[in-house]
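Read the numbers this way: they start at 1 and go in the same order the structure lists the ligands and their atoms. All residue numbers refer to positions in the sequence shown, counting from 1.
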Amino acid sequence: MSERVVVALDVGGTGMKCALVRPDGVAVSTVRHPTDAARGPAAVVDTILDVAEGLADKARADGLTPIAVGIAVPGVVDEARGVAVWSANVGFRDVPLRDLAATRLGLPTALGHDVRAGGLAEARLGAGRGTGHVLFVAIGTGIAAAHVVDGAHVVGAHGAAGEIGHILVRPDGPRCGCGRPGCLEAVASASAIGRRYAELAGATADAPVTAAEVAERAAAGEPLASQVWQEAVEALADGLATGQALFDVATIVLGGGLAQAGDRLLTPLRAALHERMTFHREPRLVAAALGDEAGCLGAALLALDAVGVRNHQEKR
Ligand SMILES: [Zn+2]
């Protein structure tokens, strides 16, 4: 029998990361496509199905056997029913994406949430490997988390588990995209950090400043950048301490764009988290290891799980 692969897609607001992935977690063929969400959700769904079918055809042409499909999408995802319930940046409203893909490709299909899929990959193949209880926190334009226990991610009763970005950390803080003031992501997401710096810099601000630049300027000793960075670190520590009180994990894996700040984030954040631990056990705090491929690898793991093929690179 020819070598088996799964078709994996991670659909984001701007781009799709797609791959054929072997049961050992190695991507044998990787392609990227623009999502072009402005075309509307129906056109995005067509692209997803075309790309998935194209990858399955490529697998067969290369002498491989595609055995399942895994698709990760943002927003609220009902994984049990395979429905993309709601998404702000792709525009999905109750799209039965799992069944559409299964019908089109004639293969078992799993639908997952992008951050939970990324967390699954980090917990099983990446920075959380071998540690059992993992909280993956992705910090980018928003903040979301995935709680993974012994290689399985928690979905929630309504497909909305892990919204750690909407923990209230600063009651008098800026208004969040969800409508409430003071959510963690309104204070400490990469975009919130850039906004806060621009606001305090006022008329002296030059071009818009990214969170990465704030981190750099803070490291260079600029007082305003240091203040903004430390405010974000303290808010993140409050959010993670709440996460630890709820989940008591062994490892917190930080992903998303902000985690690329590396030790400029991790070192002060470890110290701030340490200060907040009373009787709770302090988790190991590490940066993600799989970069922006985590969501696609997680989609592959969902596909492998759906057909009962154990990924044999994992250690628990
Ligand atoms: Zn919120």
Side-chain angles (χ1 to χ4, degrees), residues 11-14 37 72-79 84-94 112-119 135-148 153-200 208-212 214-215 227-247 249 252-259 261 265 269 272-273 276 285 288 295:
V11 179
T14 52
V73 297
V76 177
V77 182
D78 185 333
E79 299 190 9
V85 176
W86 182 89
S87 156
N89 48 8
V90 187
F92 292 144
R93 299 289 182 273
D94 292 316
H113 176 266
D114 58 352
V115 174
R116 291 198 293 265
L135 187 67
F136 172 70
V137 182
I139 311 170
T141 47
I143 299 179
H147 181 209
V148 183
H153 60 308
V154 177
V155 173
H158 313 94
E163 294 287 0
I164 198 170
H166 302 282
I167 287 178
L168 176 65
V169 292
R170 298 289 178 268
D172 304 322
R175 191 164 293 278
C176 178
C178 77
R180 227 173 47 145
C183 290
L184 178 60
E185 78 174 35
V187 180
S189 66
S191 23
I193 291 169
R195 268 198 312 272
R196 177 71 173 150
Y197 183 89
E199 181 190 309
L200 292 181
V209 177
T210 65
V214 174
Q227 179 200 329
V228 169
W229 191 249
Q230 195 56 33
E231 280 176 10
V233 164
E234 297 291 336
L236 280 172
D238 287 335
L240 295 184
T242 299
Q244 185 62 358
L246 291 171
F247 303 128
V249 295
I252 295 178
V253 179
L254 291 187
L258 201 70
L265 177 65
L269 188 52
L273 187 58
R276 286 159 174 78
L285 184 66

Inset, instruction - Could you tell me which non-hydrogen atom of Leu258 sits nearest to which non-hydrogen atom of Leu265, and how far apart they are? - result: O-CD2, 3.8 Å
Legend entry - Glu234 (side chain) donor-acceptor with Ala272 (main chain) under 3.5 angstrom: no
Legend entry - side-chain hydrogen bond (donor to acceptor under 3.5 Å, both in side chains) pairs, two or more places apart, involving residues 169-184: Arg170-Asp238
Legend entry - Within-4.5 Å side-chain heavy-atom neighbours: Pro74 and Asn89: yes
Inset, instruction - Check whether any side-chain N or O of Arg276 sits under 3.5 Å from a backbone N or O of Leu240 as a donor-acceptor pair, and report yes or no. - result: no
Inset, instruction - Keeping the roles fixed (side chain from Glu185, backbone from Ile143), state whether a donor-acceptor pair exists under 3.5 Å. - result: yes
Legend entry - Polar protein atoms (N, O or S) that approach the Zn ion (ligand 1) to under 2.8 Å: His166 ND1, Cys176 SG, Cys178 SG, Cys183 SG
